[in-house]
Every structure is written in C-alpha cells, then in structure tokens.
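Working notes, beginning with the structure itself.
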Number of protein chains: 2
Amino acid sequence: MPHDHADLHPGQDDCLGCTSPDLAFARHDHDHCAADVLARAEQLAAASGARLTPVRKRVLEILLESHKAMGAYDVLQRLAADGFGNQPPVAYRALEFLVDQGFAHRIRRLNAFAACMHPGETHAPTFLICKACDAVAEAPAAPVRAALDAAAQAIGFAIERTNIEALGLCPACRTVAP
Amino acid sequence: MPHDHADLHPGQDDCLGCTSPDLAFARHDHDHCAADVLARAEQLAAASGARLTPVRKRVLEILLESHKAMGAYDVLQRLAADGFGNQPPVAYRALEFLVDQGFAHRIRRLNAFAACMHPGETHAPTFLICKACDAVAEAPAAPVRAALDAAAQAIGFAIERTNIEALGLCPACRTVAP
DNA sequence: CCTTGACGTGTTACAGTATAACATACATAA
DNA sequence: TTATGTATGTTATACTGTAACACGTCAAGG
C-alpha cells in the first residue's frame, strides 16, 4: 500500500529507508518514521477488520514515540494521564491486541513491548537491544530464521513461534565507550 | 575431560549421545544423562575455582531431574523441603550462580531455568520448547548464531548475549496430536 | 422497535516473578 | 587474631501479569 513520500523523501520512489534495520540506532526524522508506521497500521487494521480503537491506537502511538521498549506499566501510566483506565489490564489488553495484529512485539528479555517497525510484512522478528541507550532494532532475520528452522527440522521439532533477541552495543554507543 | 562410559555405553568410545540435541525429546537413560552432566559441572567448577556449594549443587540436581524448565519458586519449594532456606533469594542466587557458570540457562519465554546439557562447551544456546510436554532442548546453534552475528555486523551492532528460543511441538508430541 | 450477543473497556482483586537491604556464619589470609 | 571476602538466611517490597465480573456500545435478527 503505497503512500505519498514525495515531500518527505524528495527524489525517492519508495520508503525503504523508513524501516531500515539500523534506523533505530541512528538519528533520523522520527516524526515521519512514526507517522508512517502508524498510518500503515491503520490501513492494515482497516483492511483486516481489526478495530484500532482509541486506547489501542494511543498505545501504538506511545510505543512509536521512540525506538525503545516500554514496560506495560509505563504504557499504563501514559494512558492514565490521557484519561484512559489506570488498571493493568487496560494496558495489557491493548498491548496484546497490537502484538496479535503484528503492530508491536514483546521483548521478553526486557519484559517490555516495542512497536513493530514494518507491520504487514511477514517477518520472524529478531531484536538487537542496545544495553547502553536501550534502543531496540528489528534486524533482518530471514537467514537467522532459516538456520533455526534447519536446526529444528533436523530433529523433527515443529517451530510455531520464536523469540530471537540479542543484547549488546549499538553502533553509536560502541564509539562512545568502546 | 573424558570419563568412563564403558559400562554405560558399551561399545561406544565417547559420550556424544549424552548431549545430543534431540535427547531431551526422546526416552533415554536419564539417570546417566543427569549424573554425567553433574559430574562434568563439578569438574569444571573445581577447575575454575567456582564454589559449587551444597545449595548450588542441589539446585543443579533439581534442574537435572528432567529436561524441563523450572520456575525459581518451584526450585525454592524443593530446596525448602531439603532443609535449605525458603525465601526467594535463596533460589534466585543459586540459579544466578549456575547461569553465570554456564551450568544452567534462563528461558525467558517461560520465566524459568533449565540445566545446561553440555557445560563447558562454548555454545550460544538455542532452545526448542515443546508446548505440549514442556521439554526443553538445546539445539545445535552455531549456524543460527552465525546468521545473527552477520546481521548484527552488517549494521555495526556488537552482540554480547543472546536469547534464542523457539516454541513448538517436539517430535514425540507431534505424532500424538498432529 | 427491542433484544440478544459479541466485543471493548473499566474495575477489583489477586497471582506470580524478582530484588534490595540487612543479618549471620564461615572460611581464609594478613 | 583479626580482618576480609564470600555464602547463606531473612524481611520486606517492587515489579509483572491475569482472572473474573460490571458496564456500555453496536450490529444482526426477531
């Protein structure tokens, strides 16, 4: 589903740069980045019949404010400040919806959630978590997933879901404190 | 560090079968399997100066009783029954020690811990978790880790630790309920 | 119309997971 | 012997997650 980037990406035909894996670790036009992902999520939801209600949309917006993972209780605090309910299930249910729809991911290492940066594209997410700046990037994971599938198939294990997460230092933080 | 398997593995020169990845999902001589891993852990601890104290050893034994992951509170209950302390830090500290030494792994998807089936061998652990029987296997992960390293290197990310976990059905459970 | 059922939201209450901080004990080295 | 480090035990509390019920809305079918 193409969208108009002419004014934001002059001279570019598409918006591949919007979801490039290392974007999370680099300075970039994050307003555009977030607005773009949100718009795509809205289109996807409309197309699939999933209801991106006010709370749910607001949670996605909150997650999209940065390339970091947020705990459910942090999200909840923000929701409460916006006049939504302030009890845990409010946040957990909205987050669960977003994860189910592929609009967000759960980062188990951090007990936290992060917006999906390329919703709609099928991808077995692999996360690179910077321990210095807390940014989280979705890395290109097809080869990783292929290797994992091969290992599983070798012993007859049928994979349904995966959690692939790596903790380390992002390019920016490596140069600061090597 | 070789050990005598002559009487346990007649006709075999080594004990590769002891830590084969699919062992966790198959019927096998688990007493031998567990005793072997425990013995190797003790040797490694002695060699490195790490103190495998009674609580710690007992926790490892408990984890080794099955190829399943156990929650810290389950471990704690067992410890308490054996006359050790019955407060959470007792279990968490022993588990942390075992994880640090590479004698156990933390399975984040399950908020649980599992004994390492091949301590001492450097390995980036990859876990296959059967959702039916709860068994956890450490799969051969070198290719997975290589793919992950490649992806990380491509964007300049320096990986320090990884959590690679897959949920699905093990060979035995697949055939039961396909 | 209205009523029924599905869904979303809000709330209470609680269950499960994890750690900080302090006290005690025991070993070993100075 | 005293000092120091490490391990264990304990209290208390923080953090993460869910079950269950109440209420409202909205659309389908009577």
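Predicted, not measured: the structure shown is a model, and the values here were computed from it.
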- Atom CD of A/Glu96 and atom C1' of C/dG8 are separated, to the nearest Å, by 13 Å
- Item | Under the ring pair (Phe, Tyr, Trp, His ring centres under 6.0 Å) test, residues paired with B/Phe113 that sit two or more places apart | none
- Message: Would the distance check show the side chain of A/Arg174 and the main-chain N or O of B/Gly156 forming a donor-acceptor pair, the cut-off being under 3.5 Å?
- Response: yes
- Query: Rounded to the Å, how far apart are B/Phe84 CZ and D/dA7 P?
  - Reply: 15 Å
- Message: Test of understanding: with side chain to side chain contact (heavy atoms under 4.5 Å, CB included), list the residues that count as partners of B/Ala147, not counting sequence neighbours.
- Response: A/Pro143, A/Val144
- Task: Round to the nearest Å and state the distance from A/Asp74 atom CG to D/dA14 atom C1'.
- Result: 13 Å
- Message: Within the structure provided, determine whether A/Asp149 and A/Gln153 are in side-chain contact (heavy-atom separation under 4.5 Å).
- Response: no
When the side chains of residues 90-104 of chain B are checked against the rest of the protein, which donor-acceptor pairs come out under 3.5 Å, sequence neighbours left out?
none

- Which nucleotides of nucleotides 16-22 of chain C have their base under 4.0 Å from a protein heavy atom (B), which only their sugar-phosphate (S), and which neither (-), written as one string 5' to 3'? -BBBBB-
Residues 157-173 of chain A side chain polar contacts: donor-acceptor under 3.5 Å, at least two apart:
from     : atom 1 : to       : atom 2 : distance (Å)
A/Glu160 : OE1    : B/Lys131 : NZ     : 2.8
A/Glu160 : OE2    : B/Lys131 : NZ     : 3.0
A/Asn163 : OD1    : B/Arg109 : NH1    : 2.4
A/Glu165 : OE1    : A/Arg109 : N      : 2.9
A/Glu165 : OE2    : A/Arg108 : N      : 2.8

- Message: Just to verify, what does A/Gln77 make a side chain to side chain contact (heavy atoms under 4.5 Å, CB included) with, not counting sequence neighbours?
- Response: A/Asp74
- Rounded to the Å, how far apart are A/Asp100 CG and C/dC7 P? 14 Å
- Item | A/Ala115: side chain to side chain contact (heavy atoms under 4.5 Å, CB included) partners, not counting sequence neighbours | A/Leu60, A/Leu63, A/Leu64, A/Met117
- Query: For A/Ile107 and D/dG17, what is the distance between atoms CD1 and P respectively, to the nearest whole Å?
  - Reply: 12 Å
- Item | All side chain to side chain contact (heavy atoms under 4.5 Å, CB included) counterparts of B/Asp82, not counting sequence neighbours | B/Arg58, B/Phe84
Could you write out each protein N or O paired with an N or O of nucleotides 28-30 of chain C at a distance under 3.5 Å?
none

Quick one: side chains of residues 46-57 of chain A, donor-acceptor pairs under 3.5 Å with protein atoms, not counting sequence neighbours, listed by atom name and distance.
from    : atom 1 : to      : atom 2 : distance (Å)
A/Ser48 : OG     : A/Leu44 : O      : 3.4
A/Ser48 : OG     : A/Ala45 : O      : 3.4
A/Ser48 : OG     : A/Ala50 : N      : 3.3
A/Arg56 : NH1    : A/Arg51 : O      : 2.8
A/Lys57 : NZ     : A/Glu42 : OE2    : 3.0

- For atom CG of A/Leu52 and atom P of C/dG8, their distance in whole Å: 12 Å
Tabulate protein N/O versus nucleotide N/O from nucleotides 23-28 of chain D, keeping only pairs under 3.5 Å, one per line.
none

- Residue pairs passing the ring pair (Phe, Tyr, Trp, His ring centres under 6.0 Å) test with at least one member in residues 50-69 of chain B, sequence neighbours excluded, are B/His28-B/His67, B/His30-B/His67
- Separation of atom CZ in B/Arg109 from atom P in D/dG17, rounded to whole Å: 13 Å
- Query: When the distance from CD of B/Gln77 to C1' of C/dA15 is rounded to whole Å, what number comes out?
  - Reply: 14 Å
